[in-house]
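What follows is a single structure, written as structure tokens, with notes after it.
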Amino acid sequence: MANAKPDFDAVVVGAGFAGMYMLYRLRERGLSVRVFETGTDVGGTWYWNRYPGARVDTETMFYSYQFSEELQQEWEWKERYPAQAELSAYARHVADRFELRPDIQFETRVDSTVWDEDAGLWRVETGDGASTMARYCIMATGCLSAVNTPEFDGLNDFAGETYHTAHWPDEGVDFTGKRVAVIGTGSSGVQSIPVIAEQAASLHVFQRTANYVIPSHNRAMEADEVAEIKANYPELRARAKKSFSGNYFPVAGPSALAVSKEERDREYEARWAQGGLAFMAAYADFQTSDEANETASAFIRNKIRGIVDDSEVAELLAPKQLFLCKRLCVGAGYYEAYNRDSVALIDISETTIERITPEGVCVDGRVYEVDALVLATGFDAVTGALKRIDIQGVGAITLRDKWEDGPRAYLGLGIAGFPNLFTITGPGSPSVLTNMIPSIEQHVDWIADCIDHMRSHDKSRIEAEAEAEEAWVEHVNEVGDLSLRATCQSWYFGSNIPGKPRVVLPYSGGFPVYVRKCDEVAANGYSGFALS
Ligand code: NAP
């Protein structure tokens, strides 16, 4: 049976940016590939997240593929932070340009994937009742794709319309004249609130935790800046790869405390004026020194007080937790939206949403009556999409059981007990702490090289060794616990999902260190993996 013939060399689950590139690379190396995708088109995150105001918050000349020089030269980005429609058009262009579609089966959900030890193959079962055998199974299911819908009492009894930001109707929603409630003030809430506020008759925002929001200062790309970036792409991309987050964010200095308050504030002002995530790289000690961290927090809180007219509302919007505890948000007119008479902020930090009634949202015995409810309540991050599929490895052990107390994976790429299964940007890799597309490309290239190595060395089975996995998980935890982020509640640790074990999900040692480790493992004949 060991030489049983698969239907495909590889099955890839998901046709987002990871799945598309994986398909491209494997096909280039001569493998037959089938990609299964739940949606009707490619794009993953940028297919599903169509909520009002949805746009990328990483500068897009760098949040884009770099594997094809022709692609990065020919594609014209229109905005500094393109909206969902432009990102989705880019994904479709990539699918067409590289003729990926014939190998992607859309509108097909993978329900289970089961390792057949005798055959040395994965049996992948899909929602259409079909079963597909493949030598390799590659999960390109995304880190922020399994939607979190809190179990609010009465949610199903709500008489109005209910939306989740990550499952927005394709045709859009017209809130004109409607009373709307938004629950959640993370990146999705922050982006959608000002846009919904422009339309709605009234908007109630239910905020459990205030976040730090840096203005995006989004604008059209100028022809000369695009030309300059394109002319220097290799150098700029290489420089970004050397940075901690895989982004090109210049760091002003090693410590916020090593400079005077005036100099520091000048730096913060410049970054606020420039806009975007580069604010988080101003000084290198935000994750290691409370005092340094507080300088950035205080600066942003003062900005909020300067923007929001009502001082009580401003105080509620001023975050109490450390800067960068949670993912930094980038917004456009977010704080300004609270100056509209039609927008009200409801603080639920000390209370909770008691229940949803047919009329609206009940907090502290008071019902806020609304016509539409928007859940901007995020995702079961990093592990959610994997655990929602019934993945069974050697001896029918399930991934859900193996990960009951938190995920265990080697480099976030392979899992002991699950041979020939790879996870793109899986738990224990830098993933969500980095610019996602370069991280995706690094994983895809590593997996494609690994499969190539196996084929050229006449190997058909690869499995992470339990000891190597154990040591890596320990390292991920050790490094994760060094950062101030570890003292907070956030989805980086699974704290947003009731009952989810508190575990460091992404590797926080930085992109360059991680890449070196992956390269070493490969150069040493895939040390820590058993090949046979
Ligand atoms: P999120 O950051 O997890 O925010 C969810 C919000 O819902 C939080 O304010 C959370 O409050 C609140 N919430 C969750 N459950 C609740 C409950 N039971 N009761 C009341 N409030 C509740 O999710 P997100 O905004 O969708 O963003 C997730 C990540 O996706 C981001 O951090 C970012 O990495 C990515 N993203 C990126 C972009 C972009 O590039 N522009 C846009 C959107 C998202 P607590 O904070 O108190 O838990």
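Just so you know, ligand 1 is whichever comes first in the structure, and atom 1 is the first atom listed for that ligand.
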What pairs with C143 under disulfide bond (SG atoms under 2.5 Å apart), at least two apart in sequence or on another chain? none
Can you pull the residues with any heavy atom under 4.0 Å from ligand 1? Y51, R55, V56, D57, L144, P150, F152, I183, G184, T185, G186, S187, S188, Q191, R208, T209, K326, R327, I348, A376, T377, G378, F379, W491
Salt bridge K230-E74, side-chain N to carboxylate O under 4.0 Å: no
State yes or no: are the ring centers of F98 and F67 separated by less than 6.0 Å? yes
Those residues that, when tested against R208, pass side-chain hydrogen bond (donor to acceptor under 3.5 Å, both in side chains) (two or more places apart): none
Give a yes-or-no answer on whether the side chains of T58 and Y81 include a donor-acceptor pair shorter than 3.5 Å. no
Test of understanding: with ring pair (Phe, Tyr, Trp, His ring centres under 6.0 Å), list the residues that count as partners of H204, not counting sequence neighbours. Y368
